[in-house]
Amino acid sequence: MLKGINLKVDEGEFYALMGPNGSGKTTLAAIIASVRMPTSGSVAIYGREPGQAKEWIGYVPQENFSSPNLTGRENLMYVANLLGYSGSQAGNLVSEMLGWIGLTADADKRVSKYSGGMRKRLEVATALFPGVRILILDEPTTGLDPAARRTFFGLIEQIKGEKTTIFLITHIGADAELASRVGLMDEGEIIAEDTPEALKRAHGLEDVITVETAAQSEKVASILRDFSDDRRVLETEAGYRIFSRNGDKVLAEVVRSLDRVGHKVTRIEVAKPSLEDVFFRLTQKMVREVE
Amino acid sequence: MSQIAAASSRTIKEFLRERPVLFWTIAWPIIWVLIGSFVFVSGAPKEIVPYLRGATTIAMMVFALMIAGVANLPSNIASDREHGLLAKLMSMPISPWKDFTGRLLGLVAFSCIAAALVTAVGLACGARFSSTGINVLQAVGFLLLVICASAGIGLLVGTFIKHVHGAVMTGVGISVITAAVSGMFMPYSALPSSLQQFARLYPVASANSSATYALLGEEMAGYNPLAASQIGLTAGLSVFLLVLGTILYSRFCWRME
């Protein structure tokens with residue numbers, strides 16, 4: 001359920017909404033895309049209700065909606081024809097779009113033969129026919145490998161150059177970092193909103209120390225707590241994370257302290273905080289259940 | 001028009017490229033035409049064997065049309081919903097009526113292909129019909145009623161069964177069970193009287209009997225289904241199912257939650 005959302009996204013802006021599963025991101029995206037009706041409140045797209053602004057909306061749902069039985073070209077032709085393009089106009093437009101998303105060589109293969117990244121690029125193309133002013137992407141990189149993710153965001157970088165407004169829904173901090181503004185969403189509310197850098201500065205995060213030990217135990221957490229600025233230790237699948245303003249300085253001492261009590265450190269690193277760390281700092285919850 | 005053509009063309013391609021669809025709609029009825037033509041007629045007098053084969057061919061043609069509407073159409077709708085395509089379509093400037101019309105035309109085209117293949121195999125196996133051109137046109141009319149009724153039932157299944165496997169199983173189940181109890185797989189005269197009543201009421205079975213009557217006569221149909229009241233009932237129920245399915249599909253599948 002959404003609670004007191006007050007959100008304004010400017011034309012041409014790349015806005016990311018980040019939060020864990022069930023936080024209401026997809027519901028908000030579906031309302032903007034006129035797929036769901038709000039029980040109260042209103043949404044305006046260039047002054048119109050979403051239902052009256054459909055020709056401006058390019059919506060890419062979370063699921064892989066392209067038909068695996070059709071080729072990439074057939075999937076795009078289907079959308080082109082639905083949008084009123086026909087004959088050679090549709091054919092030329094589709095060929096141009098296939099070239100733009102780098103699928104010309106695979107255009108006549110069935111989508112069932114595509115990789116996850118190719119399929120997602122195809123689906124983004126279905127939302128970018130001429131006239132679209134707002135691109136709504138719901139969790140577009142879920143399930144993509146790092147290479148496919150990079151290629152995907154290369155495509156988004158190209159779109160950013162146009163006047164198209166991008167509204168990205170994600171639970172991945174690294175994806176949200178690419179946006180010009182990020183809203184952090186939890187339990188139906190936007191709990192913080194700013195540029196990625198400003199969010200990190202505002203929430204006092206300097207360094208994140210990630211520690212992996214051979215075995216997890218309460219003793220390790222207790223020792224790490226002494227090195228954490230706010231005395232909080234985040235347990236992840238692989239190990240622990242703490243926040244410190246002096247990451248580089250305490251690193252050696254962390255290893256020695258754990259070594260003294262017989263806990264061998266298998267990996268330790270200091271990194272700049274991510275938006276996921278900001279989210280954790282604000283909510284005490286992980287954006288993703290598994291790191 | 002472009003939207004209707006797009007939905008129609010996509011539906012045909014989806015059906016033609018989906019193996020389970022091809023099996024249940026084309027291969028399965030053809031298998032039964034082959035079995036019916038060579039195994040079930042072994043004790044029958046030689047002179048009526050071609051007509052028994054004709055009756056089997058008509059029944060399997062109707063079964064193919066029924067499976068296409070009652071099972072394939074809802075599985076196509078459920079798949080589109082499960083994979084987010086309906087959400088995508090709802091976000092686009094598209095009329096649900098045009099999407100529905102396109103799907104229905106795709107279904108009709110695919111059904112015609114399936115029926116033609118089943119008929120071709122039946123004829124190749126020696127099926128014969130004793131009919132004139134008018135009778136053939138009558139039979140085509142009744143087969144169109146089968147498509148209407150099946151599409152209506154299919155739309156109801158697709159509207160209320162949300163998942164693909166559920167929709168397929170429900171559609172196939174409805175098709176097989178109703179066909180079995182309404183005399184499509186056996187002579188009408190062999191049915192108990194309560195099922196004979198059902199066979200007259202159920203528009204798919206009634207249209208099957210009507211097409212059989214038109215092409216092979218009363219002996220093969222088991223009764224005369226071409227009485228005005230019976231034709232009115234069959235046509236009325238077929239159209240009612242189609243209209244009901246269409247209204248519920250456009251209300252519930254395209255409804256904003």
Side-chain angles (χ1 to χ4, degrees), chain A residues 26-27 29-39 45 49-71 73-87 89-90 110-112 119 123-124 126-127 129 131-132 134-136 138-139, chain B residues 1-23 25 72-73 75-103 105-106 110 162-164 168 250-257:
Chain A
T26 292
T27 303
I31 289 171
I32 297 169
S34 81
V35 173
R36 295 188 76 159
M37 188 83 89
T39 49
I45 296 167
E49 284 185 8
Q52 306 301 317
K54 288 184 173 186
E55 68 269 31
W56 295 335
I57 297 171
Y59 177 49
V60 182
Q62 194 170 347
E63 301 88 353
N64 282 126
F65 62 84
S66 55
S67 170
N69 290 323
L70 305 187
T71 66
R73 189 187 303 281
E74 286 170 338
N75 270 287
L76 278 182
M77 278 299 280
Y78 169 58
V79 176
N81 292 336
L82 287 179
L83 290 172
Y85 298 97
S86 55
Q89 187 194 19
R110 286 199 195 176
V111 168
S112 56
R119 197 165 177 183
E123 288 166 0
V124 169
T126 65
F129 277 87
V132 167
I134 301 172
L135 176 62
I136 302 171
D138 191 355
E139 306 275 9
Chain B
M1 193 59 199
S2 172
Q3 291 183 350
I4 294 173
S8 168
S9 153
R10 177 178 176 276
T11 303
I12 298 170
K13 284 175 187 164
E14 286 275 7
F15 284 165
L16 286 174
R17 294 176 189 177
E18 192 73 48
R19 281 183 194 161
V21 166
L22 293 176
F23 174 77
T25 320
N72 301 344
L73 184 62
S75 82
N76 186 250
I77 293 168
S79 171
D80 287 352
R81 177 173 31 220
E82 203 168 285
H83 297 129
L85 183 64
L86 279 182
K88 167 79 181 164
L89 295 177
M90 284 170 73
S91 76
M92 293 168 66
I94 298 165
S95 150
W97 295 96
K98 289 186 176 175
D99 173 69
F100 161 75
T101 308
R103 281 178 199 266
L105 290 178
F110 176 72
K162 305 290 181 196
H163 300 292
V164 179
V168 172
S250 59
R251 287 266 168 89
F252 291 99
C253 285
W254 282 71
R255 184 184 60 177
M256 284 198 267
E257 289 167 40

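Proteins come first, then strands; the chains are lettered A, B, ... in the order of their sequence lines, and each starts at number 1.
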Where the side chain of B/K88 meets the backbone of A/V60, is there a donor-acceptor pair that is under 3.5 Å apart?
no
So which heavy atom on A/V35 is nearest to which on B/A87, and how close?
CG2-O, 3.3 Å
For B/G84 and A/P61, the nearest pair of non-hydrogen atoms, with its separation, is O-CG, 3.7 Å
So for A/T126, is it side chain, backbone, both, or neither that comes closer than 4.5 Å to the heavy atoms of chain B?
both
Does any heavy atom of chain A fall under 4.5 Å from the side chain of B/L86, the backbone, both, or neither of them?
neither
Turns out that what part of A/A127 lies under 4.5 Å from chain B's heavy atoms comes down to both
Atom pair CD/OG of B/E14 and A/S67 - distance to nearest 0.5 Å
3.0 Å
To check you understand the geometry: which heavy-atom pair defines the closest contact between A/S34 and B/M90, and what is its length?
OG-O, 3.8 Å
Specify which of B/D80, B/L16, B/L85, B/L89 makes the most heavy-atom pairs with chain A at under 4.5 Å.
B/L85
Only pairs of heavy atoms separated by less than 4.5 Å count here; which of A/I32, A/I136, A/N64 has the most with chain B?
A/N64
Among B/R17, B/E18, B/M92, residue most engaged with chain A (heavy-atom pairs, under 4.5 Å):
B/R17
Between CG of A/L70 and OG of B/S9, what distance do you get to the nearest 0.5 Å?
8.0 Å
Under a 4.5 Å heavy-atom cut-off, does chain B meet the side chain of A/E74, its backbone, both or neither?
side chain
Which atom pair, heavy atoms only, marks the closest approach of A/L82 to B/Q3?
O-NE2, 2.8 Å
If every non-hydrogen atom of B/S91 is compared with every non-hydrogen atom of A/Y59, which pair is closest and at what distance?
OG-CB, 3.4 Å
